[in-house]
Amino acid sequence: MRLYRTVSVPEFDDLRTTGQLRPRGGAEGKYVWETYRDAATFGVQTEGHYHPDGYRVVAIDVSDDLAASFHRWDRLDGVGPARFIPEADLPRCSVVFLDLP
């Protein structure tokens with residue numbers, strides 16, 4: 001399954017360097033959207049708050065079985081379907097860069 005994550009510029013730079021999703025700032029995992037459009041919508045809505053320097057959207061590939069185990073919301077933050085990847089499962093996810101600046 002392909003999921004999408006809205007990331008800050010510093011997180012994007014970290015992903016480019018390490019190729020790995022890593023918890024930061026006490027986070028216990030990562031929120032991801034089920035569609036690119038919803039990830040981008042969240043980025044636009046939070047650009048001045050969570051993403052003061054702008055945002056990027058990356059794809060996250062996971063097995064269908066693993067994705068089915070993630071907690072899911074039908075409409076997270078009023079945007080659309082999203083899931084939460086627990087920290088222990090982050091190493092089992094593959095980051096795909098969609099558009100490199």
Side-chain angles (χ1 to χ4, degrees):
M1 172 178 264
R2 179 158 281 185
L3 301 166
Y4 301 88
R5 177 157 171 79
T6 310
V7 297
S8 64
V9 172
E11 183 175 357
F12 182 79
D13 292 341
D14 184 65
L15 286 169
R16 286 180 65 177
T17 301
T18 67
Q20 298 289 318
L21 289 167
R22 302 185 308 169
R24 297 174 70 143
E28 295 179 1
K30 300 287 183 180
Y31 291 91
V32 293
W33 302 96
E34 292 185 359
T35 69
Y36 177 92
R37 181 181 207 157
D38 288 341
T41 297
F42 182 74
V44 168
Q45 290 179 353
T46 61
E47 195 163 1
H49 180 68
Y50 292 124
H51 309 107
D53 300 323
Y55 70 93
R56 304 278 190 274
V57 175
V58 296
I60 310 297
D61 287 345
V62 300
S63 70
D64 290 346
D65 290 342
L66 183 60
S69 73
F70 299 155
H71 185 80
R72 183 181 185 275
W73 294 265
D74 288 332
R75 211 163 153 72
L76 182 65
D77 290 335
V79 176
R83 298 176 190 232
F84 182 77
I85 305 172
E87 182 177 356
D89 291 324
L90 294 176
R92 299 172 63 192
C93 301
S94 299
V95 177
V96 178
F97 295 97
L98 303 171
D99 299 313
L100 291 176

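What you see below is based on every heavy atom in this structure, not just the backbone, and it leaves out hydrogens, waters and symmetry mates. None of these values were measured; they are calculated from a predicted model.
Applying the salt bridge (charged side-chain N to carboxylate O under 4.0 Å, His left out) rule to Asp65 yields no partners; only residues at least two apart in sequence or on another chain are considered. Residues meeting the salt bridge (charged side-chain N to carboxylate O under 4.0 Å, His left out) test with Asp13, sequence neighbours left out: none.
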All N/O donor-acceptor pairs, side-chain side in residues 78-96, below 3.5 Å, sequence neighbours left out:
from: Arg83; atom 1: NE; to: Glu34; atom 2: OE2; distance (Å): 2.8
from: Arg83; atom 1: NH1; to: Ala67; atom 2: O; distance (Å): 2.7
from: Arg83; atom 1: NH2; to: Glu34; atom 2: OE2; distance (Å): 3.1

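Considering only heavy atoms from C-beta on, Trp33 comes within 4.5 Å of Leu76 through its side chain. Taking 4.5 Å as the limit, every side-chain heavy atom of Tyr55 sits out of range of all side-chain heavy atoms of Thr46.
Within 6.0 Å of CZ on Arg37 lie no more than 12 heavy atoms contributed by other residues, nucleotides or ligands.
Checked for salt-bridge contact, Arg75 and Asp77 miss the test: no charged N lies under 4.0 Å from a carboxylate O.
Between Asp64 and Met1, the shortest heavy-atom distance links the atoms OD1-N, 3.1 Å. Nearest heavy-atom pair across Leu98 and Val57 is CD1-O, 3.8 Å.
Ring planes of Phe12 and Phe97: perpendicular class, angle over 60° (limits at 30 and 60°). Between Tyr4 and Tyr36, the ring planes are perpendicular. Angles over 60° get that label, and only those under 30° would be called parallel.
A side-chain donor-acceptor contact under 3.5 Å links Arg5 to the backbone of Tyr31.
Looking at Arg22, Lys30, Arg16, Arg56 one by one, the single match for side-chain hydrogen bond (donor to acceptor under 3.5 Å, both in side chains) with Glu11 turns out to be Lys30.
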